[in-house]
Amino acid sequence: MTKPMTIPNDADFANSPLPFSGDCFKGQLVLVSGGGSGIGKATAWCFARLGAHIIITGRTEQKLIDTVAALTSAGLSASYKIQDIRDYDGIAAMYADIFAEFGRLDILINNAGGQFPQSAIDFSKNGWDAVVSNNLNGSWYMMQHAARQWRDRKQQGSIVNIVAVVPRGMNGGAHTCAARAGVIHLSKTVAVEWAEYNIRVNCVAPGVIFSEGMRAYSPEALSEFDKSNPMKRFGTPWDIAQACVYLGGPSGSFITGEVLTLDGGGQLWGDLWMHGRPDYFR
Ligand SMILES: CCCCCCCCC/C=C/C(=O)SCCNC(=O)CCNC(=O)[C@H](O)C(C)(C)COP(=O)(O)OP(=O)(O)OC[C@H]1O[C@@H](n2cnc3c(N)ncnc32)[C@H](O)[C@@H]1OP(=O)(O)O
Ligand SMILES: NC(=O)C1=CN([C@@H]2O[C@H](COP(=O)(O)OP(=O)(O)OC[C@H]3O[C@@H](n4cnc5c(N)ncnc54)[C@H](OP(=O)(O)O)[C@@H]3O)[C@@H](O)[C@H]2O)C=CC1
């Protein structure tokens, strides 16, 4: 099988095969955080091509402008909001604006996040705090404020949290592993608490996915990533996008509190070092 070693772009996402047909998300509103690149961009394209209006969010306006322009040039419906997921009050205001404008939000794809690779023993306090704040607190703020809107308006909702494959830890990524494990168990907990509000909460755990995010890793680490699973290759953002559509939409209507792992079998065989394999483990 050909390795997907180039970062896919808007044109690729405009032409990738869809998991469903028709306008099955017509009339629905989907928010994709971190939708200006990588997995988030692919997910925005997938939902938009299935008829949804997409709101993408992130911190860098140009990426959001470019992605919305690509979507709308293809005749799809999309807009953006600049929003840092660590800004608790800003997120509340953003949802208030969205509900004021659209009167609804059907699906939240809680995808924004990231980290830097480093041995845990070397983390500075600020480094630890930045990653936990981004991936645990940020994900939570996005979930809680959406859920409050749905509860108060008696509307159903669906959340898909993008996490990571954590059952065996993440070498060189202990901070993000802790944060993502937190999101997974938070999701399982509120999947129960929020069932009475008709809010489903699930997680998608990507293995190594070749996206813009890979630029954060050294060539040495990257050169081993595609050998970290028994398929011996990267996955694509489109793989993850389709899982988000399946879990987040009506096809996932009886699924809540679940984690769908897409890692080419990496949790069963192979190991991954986010900062390169230390000599001791060679
Ligand atoms: C089993 C199968 C599994 C399979 C699972 C496989 C998964 C592996 C692949 C994963 C891929 C991805 O996630 S791809 C997605 C990658 N994308 C990203 O990571 C982009 C998003 N990242 C970011 O925005 C940033 O890096 C983020 C982590 C949030 C920090 O942003 P901030 O602006 O808040 O932080 P800053 O002010 O810059 O820095 C805060 C502190 O962090 C430190 N810091 C920041 N970058 C640093 C770095 N590279 N090395 C050391 N330290 C760093 C700074 O020095 C500061 O500490 P002091 O100096 O002490 O003050
Ligand atoms: N690629 C992979 O192999 C894997 C990825 N993941 C996770 O999947 C998600 C998407 O990653 P991917 O698409 O690969 O990489 P990207 O770096 O392309 O995507 C991350 C997105 O999140 C946004 N973002 C990051 N921090 C914040 C913040 N504080 N507030 C708002 N937006 C933010 C970024 O935009 P901006 O900087 O403009 O704000 C960017 O668009 C991330 O959470 C990542 O950690 C998990 C496992 C594996």
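Atoms within each ligand, like the ligands themselves, are counted from 1 in listed order.
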Starting from atom 47 (C) of ligand 2, locate the nearest protein heavy atom and write down its residue, its atom name and how far away it is, to 0.1 Å.
Pro206 O, 3.4 Å
Side chains of Arg180 and Asn135: any donor to acceptor distance under 3.5 Å?
yes
Under 4.0 Å from a heavy atom of Arg86: give me the atoms of ligand 1 that qualify, with their elements.
32 (P), 34 (O)
With heavy-atom distances below 4.0 Å as the criterion, list the atoms of ligand 1 near Val165.
3 (C), 4 (C)
Below 3.5 angstrom, do we get any N/O pair linking Gly36 and ligand 2?
no
Please report which non-hydrogen protein atom sits nearest to atom 35 (O) of ligand 2, along with the residue it belongs to and the distance in Å to one decimal place.
Lys63 NZ, 3.2 Å
Nearest-option assignment for atom 44 (C) of ligand 2, heavy atoms, candidates Arg215, Arg180, Met274
Arg180
Looking only at protein heavy atoms, what sits closest to atom 10 (C) of ligand 2 is Asn111 OD1, 3.1 Å
Distance-only donor-acceptor check, side chains Gln115 and Thr176, under 3.5 Å
yes
Among Ser211, Ala112, Ser124, which one has a heavy atom closest to atom 57 (O) of ligand 1?
Ser124
At the 4.0 Å heavy-atom cut-off, does Arg59 count as touching ligand 1?
yes
Protein heavy-atom partner closest to atom 11 (C) of ligand 1 - residue, atom, separation in Å
Tyr217 OH, 3.4 Å
Ranked by distance from atom 31 (C) of ligand 2, the top protein heavy atom is Gln83 O, 3.3 Å
Test your reading of the model: is there a side-chain donor-acceptor pair from Arg151 to the backbone of Ile199, 3.5 Å cut-off?
no
Closest to atom 16 (P) of ligand 2 (judged by heavy-atom distance), picking from Ser37, Gly34, Gly38, Gly235
Ser37
Could a heavy atom of Met214 be found less than 4.0 Å from some atom of ligand 2?
yes
Could an N or O of ligand 1 be found under 3.5 Å from any N or O of Gln115, whether backbone or side chain?
yes
Where ligand 1 meets Gly213 - atom numbers and elements under 4.0 angstrom, heavy-atom basis:
14 (S), 15 (C), 16 (C)
Ranked by distance from atom 30 (N) of ligand 2, the top protein heavy atom is Ile85 N, 3.0 Å
Side chain, backbone, both or neither: the part of Ala164 lying under 4.0 Å from ligand 1 by heavy atom
neither
Give the atoms of ligand 2, by number and element, whose distance to some non-hydrogen atom of Val208 is under 4.0 Å.
3 (O)
So, Asp129 and Lys125, do they make that salt bridge, N to O below 4.0 Å?
yes
Electrostatic pair Arg277-Asp271, nearest N-O below 4.0 angstrom:
yes
At what distance is the nearest protein heavy atom to atom 5 (C) of ligand 2, and which residue and atom is it?
Ile39 CD1, 3.9 Å
If you compare Met214, Lys125, His275, Met170 by their heavy atoms, the one closest to atom 9 (C) of ligand 1 turns out to be Met214
Find all atoms of ligand 1 within a distance of less than 4.0 Å from any non-hydrogen atom belonging to Asn134, and give their numbers and elements.
29 (C)
Do NZ/NE/NH1/NH2 and the carboxylate oxygens of Asp279 and Arg282 come within less than 4.0 Å?
yes
Any N or O of Thr60 that comes nearer than 3.5 Å to an N or O of ligand 2?
yes
Protein heavy atom at shortest distance from atom 18 (C) of ligand 1:
Gly114 CA, 3.7 Å
Has Arg168 got any heavy atom lying under 4.0 angstrom from an atom of ligand 1?
no
Take the angle between the ring planes of Tyr95 and His145 and call it parallel below 30°, perpendicular above 60°, tilted in between.
tilted
Number the atoms of ligand 1 from 1 as they appear, then name those within less than 4.0 Å of a heavy atom of Gly127, with their elements.
41 (C), 42 (O), 43 (C), 57 (O)
Taking OH in Tyr246 as the centre, count heavy atoms belonging to other residues, nucleotides or ligands within less than 6.0 Å. Is the count above 12?
no
Taking only non-hydrogen atoms of Ala130 and a 4.0 Å limit, the atoms of ligand 1 in range are 34 (O), 40 (C)
Backbone, side chain, both or neither: what part of Thr176 comes under 4.0 angstrom of ligand 2, heavy atoms only?
neither
For Gly207 and ligand 2, answer yes if some heavy atom of the residue is under 4.0 Å from a ligand atom, otherwise no.
yes
Kindly identify the option in Arg59, Gln62, Arg86 whose heavy atom sits closest to atom 26 (N) of ligand 2.
Arg59
Counting non-hydrogen protein atoms only, what is the nearest one to atom 29 (N) of ligand 2? Give residue, atom name and distance.
Asn134 OD1, 2.6 Å
Ser211 to ligand 2: N or O pair under 3.5 Å?
yes
For ligand 1, indicate whether the residue Asn126 contacts it via side chain, backbone, both or neither (heavy-atom separation under 4.0 Å).
both
What atoms of ligand 1 come within less than 4.0 Å of a heavy atom belonging to Leu272?
6 (C), 8 (C)
Can you pull out the closest protein heavy atom to atom 45 (C) of ligand 1? Residue, atom name and distance to 0.1 Å, please.
Phe116 CD2, 3.4 Å
Judged by non-hydrogen atoms, does Ile240 sit under 4.0 Å from ligand 2?
no
Met214 atom CE, over 12 foreign heavy atoms within 6.0 Å:
yes
Taking distance alone, with no angle check, do Ile209 and ligand 2 share an N/O pair under 3.5 Å?
yes
Which residue holds the protein heavy atom closest to atom 20 (C) of ligand 2, what is that atom called, and what is the gap in Å?
Gly113 O, 3.6 Å
